[in-house]
Amino acid sequence: EVLSNEADGIKFSLTDAVVVARDGTIYFTDASHKYNLDLAEVDILESRPNGRLLKYDPSTRSTTVLLKDLFFA
């Protein structure tokens, strides 16, 4: 089951770094919303802040952007 595939209208492209809090909240990063894994090197070479830190709340089934404009988070 896919819990979430976008936040703020922007689909995830390169999600990674997942942590589940004691209350069940899921924190994760989208290293680049612009490039997928096949083009990760392009994202790094481009040196643009395309990454985000996100939070998925299972009680509301919603995903929130906590931080944006991160460099390959």
Using a 4.5 Å cut-off on heavy atoms from C-beta on, say whether the side chain of Asn50 contacts that of Phe71.
-> no
What pairs with Thr63 under side-chain hydrogen bond (donor to acceptor under 3.5 Å, both in side chains), at least two apart in sequence or on another chain?
-> Ser4
What pair of heavy atoms forms the shortest contact from Lys55 to Leu66, and how long is it?
-> CB-CD1, 3.8 Å
Pair Asp16, Thr29: side-chain N/O donor-acceptor within cut-off below 3.5 Å | yes
Expected output: side-chain Asp8 to main-chain Ile10 donor-acceptor under 3.5 Å = no
Distance in Å, Lys68 NZ paired with Leu53 CG, rounded so as to fall on 0.5 Å steps = 13.5 Å
Members besides Ile26 in its Ile/Leu/Val/Met/Phe/Trp/Tyr cluster (side-chain heavy atoms under 4.5 Å) | Leu3, Phe12, Val18, Val20, Phe28, Leu54, Tyr56, Val65
Verdict with reasoning, Arg52 to Glu6, per salt bridge (charged side-chain N to carboxylate O under 4.0 Å, His left out) = CA-CA 11 Å; Arg52 305 179 288 171; Glu6 63 88 22; over 6 Å; no
Closest contact, heavy atoms only, Gly24 versus Pro58 | O-CG, 3.3 Å
Hits for side-chain hydrogen bond (donor to acceptor under 3.5 Å, both in side chains) against Asp57, two or more places apart or cross-chain, chain-then-number order -> Ser59
